[in-house]
Amino acid sequence: MRRVLLEDYVIKGIPVMAIYPQGAGKCPLVIFLHGFGGDRRSGLELGYRLADAGIFFLSFDAWLHGGRDRGAKTQRAFQDIYPADCGLDTYLLMHEVIRQTEDDLHCLVNGLREDARIDDQRIGVTGFSMGGFAAFLVAARCPWVKTAVPIGGKPAFQRAWDDLTLAVGTYPQWQDTMQRLSEASEERSRYLAEFDPFHALKSFAPKPLLIIHGDQDTDQPYLYSLELYRELKPLYARAPERLWLHMPPVGHCLTPDILQEVTGWFKKFL
């Protein structure tokens with residue numbers, strides 16, 4: 001195994017963790033995006049695997065997570081209005097964090113341009129759960145991403161929200177409240193449409209895209225990933241090896257086999 005180093009530091013106010021091979025010169029960069037409620041250390045095992053493969057790994061605390069400043073620099077777009085047990089307010093907050101993550105990544109990448117350890121022409125992005133959502137978004141909207149591996153996330157923000165609010169409204173204890181909040185739900189749907197990556201991901205082709213989604217994932221069902229794969233397949237007809245949907249027989253989790261697959265993908269395409 002290579003000798004790898006781990007560093008915690010701050011880039012433009014954002015706490016980051018870097019794991020990289022010692023003395024390797026300019027390395028390709030992979031940025032990991034953690035899940036809701038996690039922090040930059042959620043990617044520790046993947047970081048060591050990638051660093052051992054000669055890749056510079058970087059993860060960071062998302063807004064409102066880990067050591068991130070919870071001050072007034074970034075404000076909520078919406079206030080909580082739904083019944084606490086239905087989870088809609090938390091789900092929406094997660095998307096507000098995802099939207100902020102895109103801005104954070106632009107800030108971080110600009111801050112890393114002069115880092116002699118990094119080849120800024122070879123940058124990949126991956127993430128799990130909320131980080132998988134964000135990886136879809138970044139792939140769709142950030143031209144500097146050369147390859148992406150979203151894991152356990154949804155690429156259809158507005159569609160998933162509309163489906164979820166419709167489903168919540170079928171529960172007898174929430175029907176009246178959801179009917180009363182229908183206009184607010186539509187407003188939030190329009191907000192999510194502003195940065196929904198589903199159709200924009202067509203512009204990512206033919207860059208390498210590996211979508212990993214457990215076929216037993218009940219936390220974030222795979223339907224939306226499958227629909228995206230169907231939409232994108234014709235765009236990769238001349239390079240089918242650059243697009244793959246892998247659905248291992250697992251739930252909402254990162255397994256050693258998944259980490260090995262992610263590492264192999266970045267070694268091949270970055």
Side-chain angles (χ1 to χ4, degrees), residues 30-50 53 57 59 62 65 87-88 90-95 97-98 101 124-140 145 147-164 167-168 192 196-198 201 204 207-233 236 240-270:
V30 168
I31 302 173
F32 175 80
L33 311 173
H34 64 73
F36 191 80
D39 60 28
R40 63 190 183 279
R41 299 210 166 243
S42 301
L44 194 64
E45 183 177 352
L46 177 60
Y48 279 112
R49 287 173 179 261
L50 288 170
F57 172 89
S59 61
H65 288 72
L88 286 174
T90 299
Y91 190 76
L92 185 66
L93 172 60
M94 182 182 73
H95 285 79
V97 176
I98 290 166
T101 294
V125 174
T126 185
F128 172 65
S129 193
M130 177 180 77
F133 285 65
F136 280 123
L137 175 64
V138 174
V145 176
T147 182
V149 185
I151 310 165
K154 294 176 183 173
F157 296 176
Q158 184 184 33
R159 162 86 183 281
W161 171 260
D162 291 344
D163 288 349
L164 186 57
V168 169
L192 293 172
D196 189 324
F198 190 87
L201 279 161
F204 191 72
K207 295 179 184 178
L209 176 63
L210 169 63
I211 304 168
I212 301 178
H213 213 132
D215 74 352
Q216 299 171 24
D217 190 340
T218 57
D219 189 85
Q220 305 294 345
Y222 66 75
L223 175 62
Y224 307 100
S225 292
L226 184 63
E227 290 182 350
L228 177 67
Y229 180 63
R230 180 185 293 114
E231 289 287 320
L232 294 182
K233 274 194 74 176
Y236 284 84
E241 74 282 0
R242 289 171 165 255
L243 173 69
W244 187 242
L245 170 62
H246 179 53
M247 295 171 54
V250 298
H252 195 66
C253 60
L254 286 173
T255 66
D257 286 345
I258 289 175
L259 298 180
Q260 181 177 348
E261 184 174 15
V262 174
T263 302
W265 185 268
F266 283 122
K267 283 179 65 177
K268 181 177 181 179
F269 289 110
L270 196 59

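Side-chain contact between Arg159 and Lys154 is absent, with no heavy atoms from C-beta onward closer than 4.5 Å. In this structure, Phe269 and Leu210 have side chains that are not in contact, with every pair of non-hydrogen atoms separated by 4.5 Å or more. Counting heavy atoms from C-beta on, the side chains of Ile31 and Val138 never come closer than 4.5 Å. Residues Met130 and Ile98 form a side-chain contact, since some pair of their non-hydrogen atoms from C-beta on lies under 4.5 Å apart. Contact annotation: the side chain of Leu46 approaches that of Thr126 to within less than 4.5 Å [non-hydrogen atoms, C-beta and beyond]. Between Thr101 and Phe133 the shortest side-chain heavy-atom distance does not fall below 4.5 Å. Between Leu232 and Phe204 the shortest side-chain heavy-atom distance does not fall below 4.5 Å. Put simply, the side chain of Tyr236 reaches to within 4.5 Å of the side chain of Leu209, judged on heavy atoms.
Note: Leu192 CG to Trp161 CH2 = 7.0 Å, rounded to the nearest 0.5 Å. The NE2 atom of His213 sits 9.5 Å away from atom CG of Leu223, with the distance rounded to the nearest 0.5 Å. Note: Phe32 CZ to Leu50 CG = 10.0 Å, rounded to the nearest 0.5 Å. Atoms NE2 and CD1, on His246 and Ile151 in that order, are 10.5 Å from each other to the nearest 0.5 Å. Going from atom CD of Gln220 over to atom OG of Ser129 covers 5.5 Å, rounded to the nearest 0.5 Å. Annotation: the span from Lys233 atom NZ to Leu228 atom CG amounts to 13.0 Å, rounded to 0.5 Å.
Proximity of a side-chain donor or acceptor of Thr147 to a complementary backbone N or O of Pro208 within less than 3.5 Å is detected. A donor-acceptor pair under 3.5 Å links the side-chain atoms of His65 to the main chain of Gly37, judged by distance alone.
Dense packing is recorded around CD of Gln216, with more than 12 heavy atoms of other residues, nucleotides or ligands lying under 6.0 Å away. Taking a 6.0 Å sphere around OH of Tyr229, one finds it holds more than 12 heavy atoms contributed by other residues, nucleotides or ligands.
Evaluation of the salt bridge (Lys or Arg N to Asp or Glu O under 4.0 Å) rule for Asp219 yields no partner, not counting sequence neighbours.
Residue Gly124 comes nearest to Leu270 through the heavy atom pair N-CD2, 3.8 Å, listed as atom of the first residue, atom of the second, then distance. Across every non-hydrogen atom of Gly153 and Ser225, the tightest pair is O-OG, 3.4 Å. Residues Phe157 and Asp196 share a closest heavy-atom pair of N-OD2, 3.2 Å. Considering all non-hydrogen atoms of both residues, Tyr224 and Ala156 come closest at CD2-CB, 4.0 Å. A pairwise comparison of heavy atoms in Ile212 and Pro248 identifies CG2-CD, 4.2 Å as the closest pair. Considering all non-hydrogen atoms of both residues, Gly214 and Tyr222 come closest at O-CD2, 4.1 Å.
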task = Quick one: do Tyr48 and Phe57 satisfy side chain to side chain contact (heavy atoms under 4.5 Å, CB included)? Show the steps, please.
result = CA-CA 8 Å; Tyr48 279 112; Phe57 172 89; over 6 Å; no
inquiry  = Assess the residue pair Gln158 and Phe198 against the criterion (side chain to side chain contact (heavy atoms under 4.5 Å, CB included)); give the C-alpha distance rounded to whole Å, side-chain angles, the decisive distance to 0.1 Å, and a yes or no.
reply    = CA-CA 9 Å; Gln158 184 184 33; Phe198 190 87; over 6 Å; no
task = Apply the test side chain to side chain contact (heavy atoms under 4.5 Å, CB included) to residues Val262 and Ile258: give CA-CA distance (whole Å), side-chain angles for both, the deciding distance (0.1 Å), then the verdict.
result = CA-CA 6 Å; Val262 174; Ile258 289 175; 4.2 Å; yes
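In this structure, a donor-acceptor pair under 3.5 Å is absent between the side chains of Ser42 and His34.
Within the structure, the salt bridge (Lys or Arg N to Asp or Glu O under 4.0 Å) test picks out the following pairs touching residues 31-47 (sequence neighbours left out): Asp8-Arg40, Asp8-Arg41, Arg40-Asp61, Glu45-Arg49.
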